[in-house]
Undergrad: 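The following block contains the structure, expressed as structure tokens.
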2 protein chains.
Amino acid sequence: MTGTARTDTAQLMELLSVSLASYYGEFTVAAASENLTASQGKTLTVLRRGAASMSALATTLTCDASNMTGIVDRLEKRGLVRREPSPSDRRVKNVALTADGERVIDTIRGRMQHTVAGLERLDVQERETLSVLLERVFVERPAT
Amino acid sequence: MTGTARTDTAQLMELLSVSLASYYGEFTVAAASENLTASQGKTLTVLRRGAASMSALATTLTCDASNMTGIVDRLEKRGLVRREPSPSDRRVKNVALTADGERVIDTIRGRMQHTVAGLERLDVQERETLSVLLERVFVERPAT
DNA sequence: TATTGTTATACTCTATAACTATA
DNA sequence: TATAGTTATAGAGTATAACAATA
């Protein structure tokens with residue numbers, strides 16, 4: 001056989017499914033407590049890493065570019081993001097978090113008490129190990 | 001200070017966010033290839049673990065019970081799930097996967113090549129470690 | 001009285017297609 | 001010609017409130 005009952009790929013996919021549903025469910029509730037939808041919250045999460053064009057946002061969020069117009073419209077109307085013209089390409093609009101937007105997304109993350117408590121159950125070495133493994137699975141690109 | 005730059009809670013939350021986006025993005029694309037929305041796919045994922053009532057589904061999917069009616073309606077119309085009356089409580093309807101529904105959700109998971117390949121980058125010991133850590137963070141309940 | 005599932009409603013998300021401005 | 005962003009449209013997801021059937 002190619003793996004134990006506990007750690008074969010299908011079992012790990014299932015555990016990932018449960019784990020990420022837990023994270024996403026708690027994120028959705030936390031976003032709602034700030035009167036934001038999950039998609040609006042996810043947009044703020046991406047922008048927390050830095051400003052991005054409309055099309056870059058759509059790519060990162062795995063949705064069609066036309067969706068971003070409405071989502072960013074609503075976030076902008078609430079003063080959480082702002083559109084800025086790109087200096088180098090007049091077609092492009094860069095979207096950036098405002099100070100209010102930063103505050104709101106940080107508040108949302110802070111309210112994810114179940115996830116935060118789960119992470120704080122790990123000691124320093126375990127955190128490092130989890131970090132390395134998640135990077136291996138989701139971030140690293142296989143050599144071509 | 002309370003942690004290293006790499007493994008403090010905020011950093012791990014960010015890495016989880018990236019991991020979730022990768023998993024969820026690939027899941028959404030795979031579900032779309034079977035003409036299913038992400039919510040429909042997530043419903044099949046939950047039912048793969050066993051039949052559940054409408055309200056239990058809503059709880060697991062972190063949404064209002066009224067949403068489940070339409071989602072299950074569409075899945076039932078395609079023959080992927082079926083509603084069955086509960087033997088013990090005549091108010092309750094249990095939803096179960098059909099053989100077709102099982103086939104479809106297994107196909108969707110099989111199409112998540114990036115995630116599958118990421119997991120298969122890990123050796124047996126690493127898989128076991130990841131499994132234990134995810135259970136610690138997301139599944140275990142703290143003693144009261 | 002409380003719970004389960006449904007319906008009606010209003011708003012948001014989503015993909016597709018067509019459009020304008022710019023490259 | 002191709003790309004960035006927007007608009008229009010239709011179908012789906014979402015929470016709220018109200019309802020009938022059942023517990």
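Lettering follows sequence order; numbering is per chain, from 1.
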Undergrad: To check you understand the geometry: which heavy-atom pair defines the closest contact between K42(A) and Y24(B), and what is its length?
TA: NZ-CE2, 3.4 Å

Undergrad: Could you state the atom-to-atom distance from NZ of K77(A) to C1' of dC11(C) in whole Å?
TA: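 K77(A) atom NZ is separated from dC11(C) atom C1' by 12 Å.
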
Undergrad: Write down the protein N/O and nucleotide N/O pairs, taken from nucleotides 1-7 of chain D, whose separation is under 3.5 Å; answer none if there are no such pairs.
TA:
unit_1: dT3(D); atom_1: O2; unit_2: R91(A); atom_2: NH1; d: 2.6
unit_1: dG5(D); atom_1: OP1; unit_2: M54(A); atom_2: N; d: 3.3
unit_1: dG5(D); atom_1: OP1; unit_2: K93(A); atom_2: N; d: 2.9
unit_1: dG5(D); atom_1: OP1; unit_2: K93(A); atom_2: O; d: 3.1
unit_1: dG5(D); atom_1: OP2; unit_2: S55(A); atom_2: N; d: 2.6
unit_1: dG5(D); atom_1: OP2; unit_2: S55(A); atom_2: OG; d: 3.0
unit_1: dT6(D); atom_1: OP1; unit_2: R83(A); atom_2: NE; d: 3.0
unit_1: dT6(D); atom_1: OP1; unit_2: R83(A); atom_2: NH2; d: 3.3
unit_1: dT6(D); atom_1: OP1; unit_2: K93(A); atom_2: NZ; d: 3.1
unit_1: dT6(D); atom_1: OP2; unit_2: T69(A); atom_2: OG1; d: 3.1

Undergrad: Go through the steps to decide whether S88(B) and S86(B) satisfy the test side-chain hydrogen bond (donor to acceptor under 3.5 Å, both in side chains), and finish with yes or no.
TA: CA-CA 5 Å; S88(B) 55; S86(B) 164; 3.3 Å; yes

Undergrad: What is the distance, rounded to the nearest whole Å, between atom CZ of R90(B) and atom C1' of dA20(D)?
TA: 13 Å

Undergrad: If we ignore hydrogens and angles and just use 3.5 Å, is the side chain of S17(A) paired with the main-chain N or O of M13(A) as donor and acceptor?
TA: no

Undergrad: Between L57(B) (CG) and dG5(C) (P), how many Å, whole number?
TA: 9 Å

Undergrad: Which heavy atom of G41(B) sits nearest a heavy atom of F27(B), and at what distance?
TA: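 Shortest heavy-atom contact: C-CZ, 3.4 Å.
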
Undergrad: Please tell me if S39(B) has a side-chain N or O lying less than 4.0 Å from either OP1 or OP2 of dA12(D).
TA: no

Undergrad: For I71(B) and dT7(C), give me the distance from atom CD1 to atom P, rounded to whole Å.
TA: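 Checked: the CD1 to P distance equals 15 Å.
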
Undergrad: Verify salt bridge (Lys or Arg N to Asp or Glu O under 4.0 Å) between E76(A) and R82(A), making sure each step is shown before the conclusion.
TA: CA-CA 6 Å; E76(A) 196 168 34; R82(A) 60 173 174 276; over 6 Å; no

Undergrad: Taking five pairs at each end of the helix from dT1(C)-dA23(D) to dA23(C)-dT1(D), what angle separates the two helix axes (nearest 10°)?
TA: 10°

Undergrad: Can a donor-acceptor pair be found, under 3.5 Å and without considering hydrogens, that links the side chain of E26(B) to the backbone of Q113(B)?
TA: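 Yes, because the side chain of E26(B) sits within donor-acceptor range (under 3.5 Å) of the backbone of Q113(B).
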
Undergrad: Taking all non-hydrogen atoms of both residues, which atom of G79(B) and which atom of D100(B) are closest, and how far apart?
TA: O-CB, 3.8 Å

Undergrad: Measure CG/L75(B) against P/dA12(D) and give the value in whole Å, please.
TA: 11 Å

Undergrad: Roughly, in whole Å, what's the span from CD in E84(B) to C1' in dT4(C)?
TA: 17 Å

Undergrad: K42(A) NZ to dT14(D) P: how many Å, rounded?
TA: 10 Å

Undergrad: Should the pair R111(A)-E34(A) be classified as a salt bridge under the 4.0 Å nitrogen-to-oxygen rule?
TA: yes

Undergrad: Might you point out which heavy atoms bring M68(B) and T43(B) nearest each other, and give the distance in Å?
TA: CE-OG1, 3.9 Å

